[in-house]
Visitor: 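Please read through the structure below; I'll follow up with questions.
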Amino acid sequence: MSSTILFTTPPIATTNRSSLPPPSLAAATTTTKRHHPLPPDTLTLLIDKSKSVSQLLQIHASLIRHSLDQHPILNFKLQRSYSSLGLLNYSVLLFNRTHNPSVYFYTAIIHSHAVNSLHEQALEFYIQMLTHGVEPNEFTLSAVLKSCPLTPGQALHSQAVKFGFDSNTYVRTALLDVYARGGDVLSAQQLFDTMPEKSLVSLTAMITCYAKHGNVDSARLLFDGMVERDVVCWNVMIHGYTQHGRPNEALVLFRKMLTVKVKPNEVTLLSVLSACGQLGALESGKWVHSYIENNRIQVNVHLGTALIDMYSKCGSLDDARLVFDQIKDKDVVAWNSMIAGYAMHGFGQDALQLFNNMSPMRLHPTDITFIGILSACANAGLISEGWSFFHSMKDEYGIEPKIEHYGCMVNLLSRAGHLEEAYELVKKMKIDPDPVIWGTLLGACRLYGNIALGEEIVEFLVSQNLANSGTYILLSNIYAAAGNWDGVARVRSMMIDNGVQKEPGCSSIEVNNKVHEFLAGDLKHPKSNEIYMMLEEINGWLKAYGYTPQMDTVLQDIGHSEKQRSLEVHSEKLAIAFGLISTQPETTIKIVKNLRVLQFAFTSPIHPMYMGGEFQEI
DNA sequence: ATAGGGTTAG
């Protein structure tokens, strides 16, 4: 940065009319009609009211013409306006032409850089200030701490203590934020706990810190103890739930926010839409969409992308496309969401067509684009296209494939039965394969009855200590599919020996805008009794339809009592039963299981689509 | 005479 050099250049004399204004200012000067200086407070007002660059330039020119270009407040105001219009370089120029800038001006220029994440320059101005003997104050410290990284932040912390500003609420909050963003939760917490006065903002900063680092419950505890809450802290709390796989709690909190009449803004809606998508909660998602329309909130590219994502995850591709077509100035993120939406529901051709329309729009695909494209190829069984995209990623677009891209390719090859080729690719990878990749391969081994490869992979995983419950279950399923009951028994004893537990499945259903979640064998729902009565009824219907339950071979614990076994009910059965007792007959019931959307239309007492623990999608 | 500066979400 040249600011240091500029600053130490001998100041230009106030009366020196030949001092050149910034380049494009010369033109503006000629259009200035006023020849008599306005009083400073009128000019102050004029600057504040200026909304365009040209207006500002005219005023600036006028200041120079009337030798007011060293006026501290006018320059300060001008600087603010330049910065807020994004003309940071004009701000710096103005600053550098101002003799002996005051602590106010320093603070403002530091702040202007800090809000634009130019913390290095902000820090440079701060150091300049110290070397020029201008004393910082609380305002300066909080400005320079904004978006400051941990290492310089710690040094500034010492400065704050030295100057005695560290107990000031603003400085303390900014410091807390520095440690929070740097991942030092304990220091942040200590600063918070010893804070003389906890403001709404400092509480929000601490909640943000907890939420960001996964401690959502601590965040909630603080949140619940607040005496006043603004939209920001509601947003932080809702977003915390959304980001940490607790979308239902996000929606519950959102409804609470509405009942206490805090007006949601765009940030709120982005989190809420994400939660709806995670839950497959189409009713709620549509409600949010109409809320946006009813409140005349502009569907900008961010909201639009969130809507596309929500509709795609809820299975409403047509609605997603409608939103997509309506977004002006679509960025690559919006395109990526739409491509991923098509890919996730098997509309491979639509995804590829969208991809082909990107370059005419001068948009460059990103690594995320290729995740969409490769999974689209996988879903559509386009093997050679998949390979060609995989190669062009690096060769044509310079994007290095990540683990997810390998995962897509393994999925693509495995599904098509090219198991050896998939395994070769995994062995050739420069990155360590993740559990998803192994799961894909093992799943394909079951599907194609390739016991030998399945065993080889599991042996490898066990030897590398990479096996988890899913690994064993998949291997057992491979044996079971081939009728190899010895194998099944062997896996079961391996699981018992290694203390492996099955991870519970989780299903959810949305009824009257509320999402109800169920784990396998769940008894926690308030309507549990009715649900289990309904289940009994369903079992009766199933028997009448000639259905015999398929025993889950691995997970059946022989020692279990009959009563307990009856409680081991698949989570989706519970969600279905609840759906049946809470909706009108003939209603389409949509269940989301482990993030997959399943939809059923029940016509007769029980629809034959339901086939014991496995549902077929309509 | 007085005027002007700061912290939390995305």
Side-chain angles (χ1 to χ4, degrees), chain A residues 39-45 47-48 71-81 83-84 95 98 101-115 117 122 125-126 129 134-148 153 156 160 165-181 188 191-192 195 197-212 219 222-223 226 228-243 250 257 262 264-274 300-303 305-306 333:
Chain A
D41 41 350
T42 311
L43 282 165
T44 307
L45 226 79
I47 294 169
D48 281 344
H71 195 290
I73 291 158
L74 289 174
N75 276 4
F76 167 80
K77 285 261 178 197
L78 255 180
Q79 188 277 336
R80 291 272 303 195
S81 299
S83 295
S84 63
F95 178 84
T98 304
S102 65
V103 57
Y104 289 89
F105 210 164
Y106 268 111
T107 304
I109 199 85
I110 288 168
H111 180 241
S112 299
H113 285 84
V115 290
S117 310
F125 281 112
Y126 179 76
M129 180 179 177
V134 179
E135 276 244 340
N137 58 25
E138 294 92 328
F139 292 84
T140 325
L141 253 299
S142 42
V144 73
L145 283 168
K146 193 183 170 78
S147 67
C148 179
L156 288 168
F165 304 145
D166 67 313
S167 54
N168 172 279
T169 310
Y170 287 87
V171 175
R172 189 56 86 88
T173 308
L175 278 170
L176 192 167
D177 182 53
V178 165
Y179 286 103
R181 272 184 293 102
L191 282 171
F192 176 77
M195 221 167 160
E197 245 176 272
K198 293 179 176 81
S199 67
L200 168 63
V201 177
S202 60
L203 274 154
T204 309
M206 195 62 228
I207 291 171
T208 310
C209 174
Y210 282 138
K212 198 185 278 173
L222 264 187
F223 179 85
M226 287 171 93
E228 58 158 339
R229 301 184 190 99
D230 64 356
V231 63
V232 177
C233 74
W234 280 96
N235 288 351
V236 170
M237 199 59 239
I238 291 172
H239 190 242
Y241 283 128
T242 312
Q243 287 301 99
M257 177 182 179
V262 177
N265 61 16
E266 190 196 313
V267 181
T268 326
L269 300 172
L270 290 175
S271 294
V272 171
L273 284 171
S274 162
N300 59 21
V301 66
H302 291 122
L303 267 180
T305 304
V333 184

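Chain naming here is simple, since letters A, B, ... match the order of the sequence lines and numbering starts at 1 in each.
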Visitor: Counting side-chain heavy atoms from CB outward, which of B/dA9, B/dG4, B/dG5 is closest to A/S102?
Guide: B/dG4
Visitor: Find the distance A/L176:CG to B/dT8:P and express it as a whole number of Å.
Guide: 10 Å
Visitor: Give the C-alpha distance, both sets of side-chain angles, the deciding distance and a yes or no for ring-ring contact (aromatic ring centres under 6.0 Å, His included) between A/Y106 and A/Y126.
Guide: CA-CA 7 Å; A/Y106 268 111; A/Y126 179 76; 9.3 Å; no
Visitor: Would you indicate which nucleotide in B/dG4, B/dT7, B/dG10 comes nearest to any side-chain atom of A/S199?
Guide: B/dT7
Visitor: How long is the line joining CE of A/M129 and P of B/dG6, in whole Å?
Guide: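 Atom-to-atom, A/M129 to B/dG6, this comes out as 14 Å.
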Visitor: Considering only side-chain heavy atoms of A/A205, which listed nucleotide, B/dA9, B/dT8, B/dG6, is closest?
Guide: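 Shortest atom-to-atom distance from the side chain points to B/dT8.
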Visitor: Could you tell me the separation between the CD1 atom of A/I73 and the C1' atom of B/dG4, rounded to a whole number of Å?
Guide: 6 Å
Visitor: Do the side chain of A/N137 and the base of B/dG6 come within less than 3.5 angstrom through a donor-acceptor pair of N or O atoms?
Guide: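 Side chain to base: no pair present.
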Visitor: Checking contacts here: which listed nucleotide (B/dA9, B/dG5, B/dA3) is nearest the side-chain heavy atoms of A/T107?
Guide: B/dG5
Visitor: Under 4.0 Å: is that the gap between some side-chain N or O of A/H239 and OP1 or OP2 of B/dG10?
Guide: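 For B/dG10, OP1 or OP2 has a side-chain N or O of A/H239 closer than 4.0 Å.
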Visitor: Is it the case that the side chain of A/S274 and the backbone of A/L270 share a donor-acceptor pair, with hydrogens and angles ignored and the cut-off at 3.5 Å?
Guide: no
Visitor: Using a 4.0 Å heavy-atom cut-off across all strands, classify A/L270 as base, sugar-phosphate, or nothing.
Guide: nothing
Visitor: Which part of the nucleic acid does A/V231 contact within heavy-atom distance under 4.0 Å: base, sugar-phosphate only, or nothing?
Guide: nothing
Visitor: Please check if any side-chain donor atom of A/E138 sits under 3.5 Å from a side-chain acceptor atom of A/S142, or the reverse.
Guide: no
Visitor: Of the nucleotides B/dG10, B/dG4, B/dT7, which has the atom closest to the A/A174 side chain?
Guide: B/dT7
Visitor: Which nucleotide wins on minimum distance to the side chain of A/V236, given the candidates B/dT8, B/dA9, B/dG4?
Guide: B/dA9
Visitor: Taking CG from A/L43 and P from B/dT2, how many angstroms apart are they, rounded to a whole number?
Guide: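 Those two atoms, CG and P, are 21 Å apart.
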Visitor: Is the shortest side-chain N/O distance from A/K146 to OP1 or OP2 of B/dT7 below 4.0 Å?
Guide: yes
Visitor: Cut-off 3.5 Å, side chains only: do A/T169 and A/S199 have a donor facing an acceptor?
Guide: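 Note: A/T169 and A/S199 side chains miss the donor-acceptor criterion.
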Visitor: Can you tell which of B/dG5, B/dT7, B/dG10 lies closest to the side chain of A/T173?
Guide: B/dT7
Visitor: Output yes when at least one side-chain N/O atom of A/H111 is less than 4.0 Å from OP1 or OP2 of B/dG6, else no.
Guide: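 Answer yes for this pair, as a side-chain N or O of A/H111 is under 4.0 Å from OP1 or OP2.
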Visitor: Please determine whether side chain to side chain contact (heavy atoms under 4.5 Å, CB included) holds for the pair A/V231 and A/V267, giving the CA-CA distance in whole Å, both sets of side-chain angles, and the decisive distance to 0.1 Å.
Guide: CA-CA 9 Å; A/V231 63; A/V267 181; over 6 Å; no
Visitor: Before you tell me yes or no, could you show the steps for A/F105 and A/F95 under ring-ring contact (aromatic ring centres under 6.0 Å, His included), namely the whole-Å CA-CA distance, both residues' side-chain angles and the distance that decides it to 0.1 Å?
Guide: CA-CA 8 Å; A/F105 210 164; A/F95 178 84; 5.2 Å; yes
Visitor: Could you state the atom-to-atom distance from CG of A/L203 to P of B/dT7 in whole Å?
Guide: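 After rounding, the gap between these two atoms is 17 Å.
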Visitor: Which of these nucleotides, B/dG4, B/dG6, B/dA9, is closest to any side-chain atom of A/V232?
Guide: B/dA9
Visitor: Mind calculating the distance between CD1 (A/I238) and C1' (B/dG10) to the nearest angstrom?
Guide: 13 Å
Visitor: Any idea which of B/dG5, B/dT8, B/dG6 is nearest the A/T208 side chain?
Guide: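 Given the options B/dG5, B/dT8, B/dG6, the side chain of A/T208 is closest to B/dT8.
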Visitor: Give the rounded distance in Å between these two atoms: CD of A/E197 and C1' of B/dT7.
Guide: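 Result: 14 Å.
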Visitor: Which of the following nucleotides, B/dG5, B/dT8, B/dG6, is nearest to the side chain of A/V103?
Guide: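 Output: B/dG5.
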Visitor: What's the CD1-P distance between A/I109 and B/dG5, to the nearest Å?
Guide: 14 Å
Visitor: Using a cut-off of 4.0 Å on non-hydrogen atoms, how would the nucleic acid contact of A/R80 be classed: base, sugar-phosphate, or nothing?
Guide: sugar-phosphate
Visitor: State whether the aromatic ring of A/F76 stacks on the base of B/dG4, taking stacking to mean ring centres under 5.5 Å apart and ring planes under 30° to each other.
Guide: no
